[in-house]
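The structure appears below as structure tokens.
Chain identifiers are assigned alphabetically (A, B, ...) following the order of the sequence lines, protein sequences preceding nucleic acid strands; residue numbering begins at 1 within each chain.
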2 protein chains.
Amino acid sequence: MSTVMKVMIVDDHDMVRLGLSTYLSLESEIEVIAEASNGREALEVLKGLKEANLPLPDLILMDLMMPEMDGIATTQEAIDRYPEMKIIILTSFLEDDKVMEGIQAGAVSYVLKSVSSEELVYAIKGAFRGMPVMNTEVSQALSRGIRQKSASKDDDGLTVREREVLMLIAEGKANKDIAEELYISIKTVKTHVSNLLMKLEVEDRTQLAIYVHRKGWVS
Amino acid sequence: MSTVMKVMIVDDHDMVRLGLSTYLSLESEIEVIAEASNGREALEVLKGLKEANLPLPDLILMDLMMPEMDGIATTQEAIDRYPEMKIIILTSFLEDDKVMEGIQAGAVSYVLKSVSSEELVYAIKGAFRGMPVMNTEVSQALSRGIRQKSASKDDDGLTVREREVLMLIAEGKANKDIAEELYISIKTVKTHVSNLLMKLEVEDRTQLAIYVHRKGWVS
DNA sequence: TATATCCTCCGTCTAAAGACTGAGCATGCT
DNA sequence: AGCATGCTCAGTCTTTAGACGGAGGATATA
């Protein structure tokens, strides 16, 4: 296979992005064509590439925990919009639920950051060839997850934007702060908040925050 | 200062070590002279350097969570054996207790991995010059930790009534509900809430609820 | 083309939250 | 007795939150 694999790196840590792109660029078969520091930015970058008629990445290395928009939601959106794209979720921690969610969201692989660089390259090449590679720990977690909660369906019908607002509320942000952070008006934030209150059937933002924390979506 | 800062990197993630050493080697004032993937290995490397009469690092970038031996214990040991060495704890997550432990163990700085590479270099140079640099979040966590450690056994300065109100807020109750449940007026509830906001140094009831949930006082 | 969803924003309005000041009453400590 | 603290409540004021209705534009799908 002589074609070059175009890879995008999405991770909120500067140093991780740097390390990955440095190492991967040593591989002649791999080319890092884009980076982003969170999910929302990643989607914007992809959109920008598409609009500019530039080549899209064949594969995304996606961190799980990121501000603004996490890896699961981003994977879901990205797969939805660019179905041919492969996504490897790359994370520091092993949580059974998250593995399940990630795979369900459309990720082809789920790799721990503790793997060696060689193993990562192997996983990338595998994913590209349609032969996803996973850590032993991860595949074990996956089978546990399937057995324990194959009927786990917590699709609460929230849109991407609503989930973003929700997570900011769960961080204790006020509407004004959220508006500034998302570059939208307070009015719009209020609209999203009202929709969240209705969809999640709670009475105020404090209960929204509690909801998120009880779900374990944040620490 | 024309001398070169000799730095050691201790982190269990290949890609983090790679990213760091790549970036730091671009800085002419910084030289990465050693690496290790966990605490025990780090101490062995240091011992080896000393026995071989090779220069020891001036500064260690130490990850917090590692297999075999974590960053806190390693920092303690390393400072004990090589008191002139400076250590910056580098971690993905912000936990008040860990910050305290890290500083008490002898680390001069505590930096989140989410910082930009430039900020990290700044922190390294600062540490080397005896002017430790910390994330804003970290120093806030530190002051919270100090306040709680010094004033507390199981007492964070809250009165019984205030704690009652706090827990009801953490359940998502509105002032009116709290007033009815405690048989007091809304005015009184507001007084307690204002006192809570002041004492716990947060801005609104949502942040109070988050505070309680982060403390694990409720599920 | 029609349709639906999402995101955006507007104005208006009511209720709630919170800041600030002051005060009465009970308790316990010195 | 004097003093501090905790709990209670009040009034006034400003800001925020949230409900409600309406609407335009973008996008995707049938």
Worksheet item: Step by step, would you call E181(A) with E164(A) a side-chain contact (heavy atoms from CB on, under 4.5 Å)?
Response: CA-CA 10 Å; E181(A) 195 157 331; E164(A) 287 178 306; over 6 Å; no
In D11(A), I87(A), L24(A), the residue satisfying side-chain contact (heavy atoms from CB on, under 4.5 Å) with L61(A) is L24(A)
Distance in Å, [X] [atom1] paired with [Y] [atom2], rounded so as to fall on 0.5 Å steps:
X	Y	atom1	atom2	answer
E171(A)	L166(A)	CD	CG	10.5 Å
I89(B)	D63(B)	CD1	CG	9.5 Å
L54(A)	K6(A)	CG	NZ	11.0 Å

Write down the protein N/O and nucleotide N/O pairs, taken from nucleotides 3-6 of chain C, whose separation is under 3.5 Å; answer none if there are no such pairs.
none

5' to 3', nucleotides 15-30 of chain C under a 4.0 Å protein heavy-atom cut-off (B base, S sugar-phosphate only, - none) gives --BBS-----------
Rounded to the nearest angstrom, tell me the gap between atom [atom1] in [X] and atom [atom2] in [N].
X	N	atom1	atom2	answer
I184(B)	dA10(D)	CD1	C1'	14 Å
E180(B)	dT8(D)	CD	C1'	18 Å
Y183(B)	dC7(D)	OH	P	19 Å

Can you tell if the side chain of [X] reaches within under 4.5 Å of the side chain of [Y], non-hydrogen atoms only?
X	Y	value
N175(A)	V193(A)	yes
E29(A)	V4(A)	no
E41(A)	N38(A)	yes

Q: Of all the heavy-atom pairs spanning R161(B) and L182(B), show the shortest one and how long it is.
A: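 Heavy atoms only, the tightest pair is NH2-O, 3.2 Å.
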Axis-to-axis angle for the helix from dT1(C)-dA30(D) to dT30(C)-dA1(D), ends of five pairs each, to 10°, equals 40°
### Derivation of the side-chain contact (heavy atoms from CB on, under 4.5 Å) call for L59(A) and M8(A)
CA-CA 6 Å; L59(A) 182 143; M8(A) 175 176 191; over 6 Å; no
Q. Using a cut-off of 4.0 Å on non-hydrogen atoms, how would the nucleic acid contact of T188(A) be classed: base, sugar-phosphate, or nothing?
A.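 If one applies the 4.0 Å heavy-atom cut-off, T188(A) turns out to touch a base.
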N/O (side chain, H192(B)) to phosphate O (OP1/OP2, dG6(D)) under 4.0 Å: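 So the side chain of H192(B) is outside the cut-off, no N or O lying under 4.0 Å from OP1 or OP2 of dG6(D).
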